[in-house]
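Here is the structure we will look at, set down as C-alpha cells.
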Amino acid sequence: MENKLSIDSTKNKESFNYVNCFEKPLGLILGNHDENIKNNFFLLLKLMQSYNIECFDDASIFYTIEYNEALAYIFEDMLNIQMNIQKTHRANLNNVIKNNIDNGRFALVPGNLKVYPGSEYYEEYDWKHLILVNGYNDEEKIYYVCDNTHEEGNDGSQYIHGTIDYELLEKLFESAVDSFDISSVWSLDIEENAGLYSEKEMLMNVLDLYLYNRSEQPYMEIDLMNTVQDKIEAGERIKTNCEGEEILKSMEFILLRTIRYKEFFYQEMVTKLRTLDFDENMVNKIENVSLKITEFWMKIANSVLINYHLMQKFDMDDQIIRVMAKEKEMFRLLDRVKGQLDS
C-alpha cells in the first residue's frame with residue numbers, strides 16, 4: 001500500500017539562523033495550509049524567544065524541542081490548532097506514522113543524526129532532528145520525507161523531497177529515544193477554521209504581548225551580558241571546543257541566536273503590516289529601526305564575546321544607551337500601530 005500527502009517544500013525558506021530543525025517543519029506544514037497562519041506562528045514564537053515575556057519564561061521556549069506552555073498557548077489558544085503528541089516505541093513507530101498519514105496528517109518524527117549516513121554528524125556527535133514524513137510505501141518499505149540534505153554547511157533554507165527506508169527511520173528514532181529521552185511523534189490537526197482571530201485581531205494580540213506583557217527587564221541580551229560578566233568575574237572561561245549538542249548550550253550560540261530571533265520577529269512584523277496594507281511610511285520606519293536594533297545588538301554581542309574570550313571585564317554603557325534609544329523608538333512606533341488598529 002502507498003499513501004503520500006502533497007507538500008510544497010518552498011513554503012518556509014527561513015534558514016537555521018532564524019528557526020531550528022524542530023520549528024522548520026512546523027513552519028512548512030503551517031505554510032502549506034495558510035501562509036498567514038505560518039506568519040502568526042512565527043510572530044508569536046520569535047517574540048517569546050527574543051524578549052522576556054511574563055508567564056512565558058521557561059528556558060525550553062528557546063529550543064522548542066518539547067511541547068511547552070508557549071507552544072500550547074500559540075497553537076491552541078491563538079491558532080486553534082491541536083498538536084497531537086503520541087508516545088511510541090520502535091516496534092510501533094510504523095503504525096503511528098501510517099495512521100497519521102492515512103488521516104491526512106504529516107508525521108513529525110524525532111531522530112538522532114549521529115546514526116544518519118551522509119549527515120555531517122554521522123558517527124561523530126549526537127544531534128536532535130525532527131523529520132517531516134509525508135507518506136509511505138509498504139511495497140518498497142520507504143517513507144516519503146521533506147527534509148534538508150544534512151550536508152556540512154547546509155543552512156536549511158531549502159528543504160527537498162526524498163525518501164528514508166523504514167529500517168533507517170526506526171534506527172534514527174531509537175537513537176533519539178536512547179540519547180535524548182524523546183519518544184513522541186508529533187502531528188497537527190488543522191481544521192478549516194484554524195485561526196480563531198482575523199489577521200487584524202491576531203496582530204493586536206501580538207502587540208498586546210509586546211507592549212503590555214513584557215517583563216520589567218525585557219531584554220534577553222542584557223540578561224546574557226550580565227551572565228557573561230559574572231562568569232568573567234568568577235574566572236569561568238568560555239568553552240571553545242564545544243561539540244555536537246553542546247554548541248546549542250554555549251553562550252556564543254545563545255546570545256547571537258537571540259538577536260537573530262529578534263531580527264526574524266521584526267521581519268515577520270513587517271510582513272504582517274504589509275499584508276494588512278498598513279501605512280507604508282510607518283512600515284518603512286519600523287523596518288529601518290529594526291535593522292538598526294539588530295546592527296547595534298550584534299556589535300554589542302561581538303564585543304562581549306571577544307572580552308569573554310580574553311577574560312576581560314567590559315563596560316558597554318554607551319553602546320547600551322544607543323540600542324536602548326532604538327528599542328524605545330520601536331516601542332513607540334508599535335504603540336502607534338496598536339492605537340491605529342484600535343481606532
Side-chain angles (χ1 to χ4, degrees), residues 1-9 11-12 20-33 63-67 71-72 75 81-151 154 156 159-191 245:
M1 183 176 176
E2 180 183 34
N3 194 356
K4 187 177 181 181
L5 303 177
S6 175
I7 186 166
D8 183 348
S9 62
K11 290 294 185 179
N12 183 20
N20 64 32
C21 60
F22 277 64
E23 298 161 3
K24 178 81 175 186
L26 291 173
L28 268 172
I29 294 171
L30 295 174
N32 270 263
H33 181 81
Y63 295 102
T64 59
I65 59 172
E66 59 187 47
Y67 198 60
L71 287 177
F75 279 114
I81 293 174
Q82 179 64 44
M83 172 72 80
N84 303 305
I85 304 173
Q86 298 166 274
K87 287 279 188 181
T88 188
H89 46 82
R90 177 171 180 165
N92 196 43
L93 180 64
N94 182 263
N95 291 330
V96 170
I97 293 173
K98 288 168 64 176
N99 180 65
N100 277 297
I101 300 298
D102 290 343
N103 284 281
R105 298 187 297 263
F106 302 101
L108 299 169
V109 182
N112 185 355
L113 295 184
K114 185 177 182 179
V115 296
Y116 195 170
S119 164
E120 63 179 299
Y121 307 106
Y122 182 55
E123 296 184 339
E124 293 286 339
Y125 312 116
D126 290 313
W127 196 272
K128 299 184 191 76
H129 188 64
L130 196 64
I131 300 159
L132 193 165
V133 181
N134 65 298
Y136 64 88
N137 186 315
D138 278 335
E139 183 176 342
E140 297 184 23
K141 296 191 180 303
I142 58 170
Y143 294 110
Y144 299 104
V145 300
C146 187
D147 202 2
N148 74 334
T149 63
H150 300 294
E151 296 171 346
N154 187 302
Y159 269 31
I160 61 173
H161 294 284
T163 60
I164 297 179
D165 63 64
Y166 286 2
E167 184 178 358
L168 176 56
L169 190 60
E170 291 170 3
K171 185 177 180 181
L172 291 168
F173 177 76
E174 188 172 53
S175 183
V177 173
D178 293 341
S179 299
F180 311 123
D181 195 27
I182 298 174
S183 58
S184 299
V185 173
W186 293 14
S187 63
L188 297 175
D189 267 326
I190 309 178
E191 304 295 337
E245 291 270 309

Original post:
Side chains of Ile29 and Leu132: closer than 4.5 Å at any heavy-atom pair?
Top reply: yes
Give the intermediate values and the outcome of side chain to side chain contact (heavy atoms under 4.5 Å, CB included) for residues Ile164 and Tyr116. CA-CA 10 Å; Ile164 297 179; Tyr116 195 170; 3.7 Å; yes
Nearest heavy-atom approach of Ile101 to Leu5 is O-CD2, 3.9 Å
So CG of Asn134 and CG of Asn3: to nearest 0.5 Å the spacing works out to 10.0 Å
Scanning both residues in full, the closest heavy-atom pair of Asn32 with Asp8 reads OD1-N, 2.6 Å
Check your understanding: Does CG belonging to Asp181 count more than 12 external heavy atoms closer than 6.0 Å?
Key -> no
Q.
Tell me if a side-chain donor or acceptor on Ser175 pairs with a main-chain N or O of Lys171 at a distance below 3.5 Å.
A. no
Between Asn94 and Tyr143, a side-chain donor and acceptor under 3.5 Å: yes
Checklist entry - Would you say Phe106 and Leu188 make side-chain contact, with heavy atoms under 4.5 Å? => result no
Heavy-atom closest pair (Pro25 atom, Leu108 atom, distance to 0.1 Å) is CB-CD2, 3.7 Å
When every non-hydrogen atom of Ser184 is compared with those of Lys87, the smallest separation belongs to OG-CD, 3.4 Å
Please lay out, stage by stage, how Asp138 and Tyr166 fare under the test side chain to side chain donor-acceptor pair (under 3.5 Å).
CA-CA 9 Å; Asp138 278 335; Tyr166 286 2; 2.8 Å; yes
Practice problem: Answer yes or no: is there a side-chain heavy-atom contact under 4.5 Å between Val177 and His89? | Solution: no
d(Lys11 NZ, Leu30 CG) to nearest 0.5 Å is 12.5 Å
Minimal heavy-atom distance between Pro110 and Leu130, with the atoms involved, is N-CD1, 3.7 Å
When rounded to the nearest 0.5 Å, the distance separating OH of Tyr159 from OG of Ser9 is 11.0 Å
Separation between CG (Asp178) and OG (Ser183), nearest 0.5 Å, reads 10.5 Å
(request) For Asn92 and Asn95, test the side chains for any donor-to-acceptor distance below 3.5 angstrom and give the result as yes or no. (result) yes
Is there a side-chain contact between Leu93 and Gln86, using heavy atoms and a 4.5 Å cut-off?
-> no
Result for side-chain hydrogen bond (donor to acceptor under 3.5 Å, both in side chains) between His129 and one of Asn20, Asn112, Asp147 points to Asp147
Taking the side chain as C-beta and beyond, is there a heavy-atom pair between Leu169 and Ile97 under 4.5 Å? yes
**OP:** Compare all side-chain heavy atoms of Asn100 with those of Val133 and state whether any distance is below 4.5 angstrom.
**Re:** no
Nearest heavy-atom contact between Leu172 and Ile131 is CD1-CD1, 3.8 Å
To the nearest 0.5 Å, atom CG of Asn84 lies from atom CZ of Arg105 at 5.0 Å
Side-chain heavy-atom pair Glu120, Leu113 within 4.5 angstrom cut-off
no
| query | For His161 and Ile7, what are the C-alpha separation, side-chain angles and deciding distance, and is it a side chain to side chain contact (heavy atoms under 4.5 Å, CB included)? | reply | CA-CA 9 Å; His161 294 284; Ile7 186 166; 3.5 Å; yes
Taken to the nearest 0.5 Å, the spacing of Trp186 CH2 from Phe22 CZ works out to 6.5 Å
Hey, would you say the Tyr136 and Tyr144 ring centroids sit under 6.0 Å apart? no
